[in-house]
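Heads up: the structure comes next, in structure tokens.
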Amino acid sequence: MVAVSDFITDVQTVSGVQEEARPSPVLRLVSFVFGVSFIIAGIGLWMVPGLFMDDSVVMTKMVLSVLLCAGGVGMAQISVERQYQEFHFDRRYQQVYMVEAPSYGTVKVLKVVDYDDIAKVDVTESNIVLIGHMGQNLASVPLKGKQARNEVIEQLRSSPILA
């Protein structure tokens, strides 16, 4: 993921960031169990026989099953921990920020690279690499799919990074 911003506030280094609050393993386990239970209940609601299948009964079953499945997916997502990295191109300060965004907590700036230090930007199918004047790898971020690659190329064309 790549974003162009005019201003980034609260720039922090990795060593200066305090440990963020994450859900405890017990809470993650309980939310996963309840999430799966809600999904099974939403599907299982259609297994219950009725004396008559009137329009209102079918509509009530449908609404309840949709609510249960949606709630189950939401509860199950609490237990999944995601973490991704991305570049932010800051035109105001002529810098590229490599940031890490966890599921919970604050976004951390891992690395800051000035536009002047970048000699080449290599965009492949799987990642974007900032290469310095001596050929060293300044920073790299994995890309997720062809759409992300096209987005990166579009952002690079519109930014003065290699001007």
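Hydrogens, waters and symmetry mates play no part in the numbers below; they use all other heavy atoms, side chains included.
Here salt bridge (Lys or Arg N to Asp or Glu O under 4.0 Å) pairs that include residues 42-54, with residues two or more places apart or in two chains, number zero. Sorted by first and then second residue, the salt bridge (Lys or Arg N to Asp or Glu O under 4.0 Å) pairs with a member in residues 26-45 read R28-E81; sequence neighbours excluded.
For the side-chain contact (heavy atoms from CB on, under 4.5 Å) test, no residue two or more places apart in sequence or in another chain qualifies with E154. Evaluation of the side chain to side chain donor-acceptor pair (under 3.5 Å) rule for D114 yields Q95 as partners, not counting sequence neighbours. For S65, the side chain to side chain donor-acceptor pair (under 3.5 Å) test picks out W46, with sequence neighbours left out. Qualifying side-chain contact (heavy atoms from CB on, under 4.5 Å) partners for I153, counting only residues two or more places apart in sequence or in other chains: V123, R149, R157. Legend: residues meeting side-chain contact (heavy atoms from CB on, under 4.5 Å) with V48, ordered by chain and number and at least two apart, are absent.
By the 4.5 Å heavy-atom criterion applied to side chains, L110 and V99 are not counted as neighbours. Within the 4.5 Å cutoff, the side chain of M98 has heavy atoms near those of the V141 side chain.
Here V73 sits in one hydrophobic cluster together with I39, I43; the rule is ILVMFWY side chains under 4.5 Å apart, joined directly or through other members. Its side chain within the 4.5 Å cluster rule, L64 clusters with L45 among the Ile, Leu, Val, Met, Phe, Trp and Tyr residues.
Residue M53 places its CE atom among more than 12 non-hydrogen atoms of other residues, nucleotides or ligands, all under 6.0 Å distant.
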Note to self: With side chain to side chain contact (heavy atoms under 4.5 Å, CB included) as the criterion, how do H88 and E86 come out once you've worked through the C-alpha distance, each side chain's angles and the decisive distance to 0.1 Å?
What the structure shows: CA-CA 7 Å; H88 287 266; E86 63 185 16; 2.8 Å; yes
Next item on the list: Check the pair F34 / F32 against side chain to side chain contact (heavy atoms under 4.5 Å, CB included), numbers first and verdict last.
Entry: CA-CA 6 Å; F34 273 105; F32 181 75; over 6 Å; no
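One distance of note links NZ of K146 with CD of E151; it measures 15.0 Å at 0.5 Å rounding. Note: F89 CZ to Y97 OH = 12.5 Å, rounded to the nearest 0.5 Å.
The only member of I118, D90, V121 that meets side-chain contact (heavy atoms from CB on, under 4.5 Å) when paired with V96 is I118.
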Please list, one pair per line, the donor and acceptor atoms closer than 3.5 Å that link side chains of residues 124-137 to other protein atoms, with sequence neighbours excluded.
residue : atom : partner : partner atom : Å
T124    : OG1  : S126    : N            : 3.4
T124    : OG1  : N127    : N            : 3.2
T124    : OG1  : N127    : O            : 3.1
T124    : OG1  : N127    : OD1          : 2.7
H133    : NE2  : D116    : O            : 2.8
Q136    : OE1  : M134    : N            : 3.2
N137    : OD1  : A139    : N            : 3.2

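In this structure, V109 is a member of the same hydrophobic cluster as Y93, with clusters built from ILVMFWY side-chain heavy atoms closer than 4.5 Å. Under the 4.5 Å side-chain contact rule for hydrophobic residues, V113 and L156 share a cluster.
Q77 places no side-chain N or O within donor-acceptor distance of the main-chain N or O of G74, the cut-off being under 3.5 Å.
Annotation for Q85 and P142: closest pair OE1-CD, 4.3 Å, computed over non-hydrogen atoms. Pairing each heavy atom of F38 with each of L68, the nearest pair is CB-O, 3.4 Å.
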